[in-house]
2 protein chains.
Amino acid sequence: MKDNHQRPSVTVDIVIFSIREDELQVLLVRRDIDPFKEKWALPGGFVKIEENLEEAATRELREETGVKDVYLEQLYTFGDVKRDPRERVITIAYMALINSENIKVEGKTDVSDARWFAIKKLPLLAFDHKKIIEYSLKRLMWKFEYTSVAFSLLPKEFTISKVQKIYEIVFDKIFDKRNFAKKLLSLNVLEEKGIKKDVSHRPPMLYSIKKNIPKIIEILKV
Amino acid sequence: MKDNHQRPSVTVDIVIFSIREDELQVLLVRRDIDPFKEKWALPGGFVKIEENLEEAATRELREETGVKDVYLEQLYTFGDVKRDPRERVITIAYMALINSENIKVEGKTDVSDARWFAIKKLPLLAFDHKKIIEYSLKRLMWKFEYTSVAFSLLPKEFTISKVQKIYEIVFDKIFDKRNFAKKLLSLNVLEEKGIKKDVSHRPPMLYSIKKNIPKIIEILKV
DNA sequence: TGAATAGTGTCTTTCAGACAATATGCC
DNA sequence: GGCATATTGTCTGAAAGACACTATTCA
């Protein structure tokens, strides 16, 4: 290999989704340096020379949210020459799905400020991060239709109506309760975990997802 | 941005698919330098510092095959620390689909040797290129199920049985002629282009694909 | 018993998939 | 007429989607 080529910088950026306040939200950090100082941006940073890409993404995720063991998926690599005004930066975008109940510390970040934003009310974003989030939302919906990633947004035990709720949030659409439950249960990926207590109405069945279910399960066609 | 980070090299590698001799084939080049000298590898090369990723992929594709205006899609980025024994190299893999009839010159390459290989009879491959090809085959099948990319492997005008043929090759499976035609025509993405001549049997209808058809059309569930 | 949510069944329509006979053009 | 491939329709079973009533717990 000839060594006379200029090397770009390489970063990872992570679109961290969670369901909070009955909305689909994304975690953003406020930049404290130029360019785009004071603007909001995706959490991310340089890939270290001795670090795999997924390790870099996992590290950034932990630094921002303190969570581990979350769903993490490589999305797409954005590398337009002018996407960073300073120098050539290629970024590998990842998507993470976390159940907000798992987040211990919200401000556990070295960046000045971190906040959750509803996907429908994003602030002005640095770089091409708007494009990255739009892309990741498409991917998220696709994944909701064809896989079981939705359960990554829920705690270990959940009710059917909680599952339906996050589908309705992600697709911004109401589903029929009977058809939804029929479809979900027919997939044979859930197991009963007993009745939920402490509710002032008919108590629902709790479910958890079985181990080792196939990746593609075609939950919902929308 | 601090400038004290080490930069990896970044390349693009392209999985170029075509249907040839009733097989799904991939174009490979033989390496004439170490490491993996004499081994076969995916066509690819460094991303230039002033070149977008897709431009780099397009350029490499043209250098190897002489074709332009082909289907090109970014697949996935492979960046394991040890995937290149010399130094850190992150590669952005692309998939290209070409209709072999369009290839003008096969040996139009600066690499010592380029050859088509059946996907089922691949030689020993350099780096992690076997993994990349396996990944791209999965993506290709996925795309065949849910989109109209299959037509990128065909000339402008084609018969229904040619379409069925490439589906059978890609999925390595025989489909029922009546059901296939029924499904394909019901999608309403084809237009008739007249009757093919010069065949010594009942002449088939030629079709072309309409402009501006939606990306997701769910051609075949396999 | 009223409020709140859980849980459940039927009917209709659509579509995938199994299956084979006839049509056309060339020799 | 024989050969080669093109073209086409029906039936069945499964699943999607429309639709509403009963059940359970607590206050």
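Chain letters run A, B, ... following the sequence lines, proteins first and then strands; every chain starts at 1.
- For a distance-only test at 3.5 Å, the side chain of A/K177 fails to qualify as a donor-acceptor partner of the base of C/dT8.
- Following rounding to the nearest Å, B/K173 (NZ) and C/dA18 (P) show an atom-to-atom distance of 8 Å.
- When all heavy atoms of A/A93 and A/I132 are compared, the closest pair comes out as CB-CG2, 3.8 Å.
- At least one test fails for B/R139 against the ring of B/Y135: distance under 6.0 Å to the centre or angle within 45° of the axis.
- Atom CG in B/D176 sits about 17 Å away from atom P in D/dT5, given to the nearest Å.
- To the nearest angstrom, P of D/dA4 lies 22 Å from NZ of B/K197.
- What separates CG of B/L184 from C1' of D/dT8 is a distance of 15 Å, to the nearest Å.
- As rounded to whole Å, 15 Å separates atom C1' of D/dA4 from atom NZ of B/K165.
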What's the verdict on side chain to side chain contact (heavy atoms under 4.5 Å, CB included) for B/F151 and B/F158, showing C-alpha distance, side-chain angles and the deciding distance?
CA-CA 9 Å; B/F151 301 104; B/F158 47 81; 3.5 Å; yes

Dump every N/O contact between nucleotides 10-15 of chain D and the protein below 3.5 Å, one line per pair.
| from | atom 1 | to | atom 2 | distance (Å) |
| --- | --- | --- | --- | --- |
| D/dT10 | O4 | B/K182 | NZ | 3.0 |

Every protein N/O lying under 3.5 Å from an N/O of nucleotides 24-27 of chain C:
| from | atom 1 | to | atom 2 | distance (Å) |
| --- | --- | --- | --- | --- |
| C/dT24 | O2 | B/R202 | N | 3.1 |
| C/dG25 | N2 | B/S200 | O | 3.4 |

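- In this structure, B/R115 satisfies the cation-pi test against B/F117, with its NZ or CZ atom closer than 6.0 Å to the six-membered ring centre and inside 45 degrees of the ring normal.
- One can place CZ of A/R178 at 14 Å from P of C/dC11, the figure rounded to the nearest angstrom.
- The CZ atom of A/F175 sits 13 Å away from the P atom of D/dA16 (whole-angstrom rounding).
- The minimum heavy-atom distance linking B/N99 with B/S18 is given by the pair C-OG, 4.1 Å.
- Side chain of B/S186 to backbone of B/K183: a donor-acceptor contact under 3.5 angstrom is found.
- Counting to the nearest Å, the C1' atom of D/dT7 and the CD1 atom of B/I160 are 9 Å from each other.
- A/S161 comes within contact range of the sugar-phosphate backbone alone, with a heavy-atom separation under 4.0 Å but no base atom that close.
- Taking the charged nitrogens against the carboxylate oxygens, A/R59 and A/E63 do have a contact shorter than 4.0 Å, which makes a salt bridge.
- A/Y207 and A/E192 get closest at one heavy-atom pair: CE2-CG, 3.7 Å.
- The two atoms that bring B/P203 and B/I195 nearest to each other are CB-CG2, 3.5 Å, heavy atoms only.
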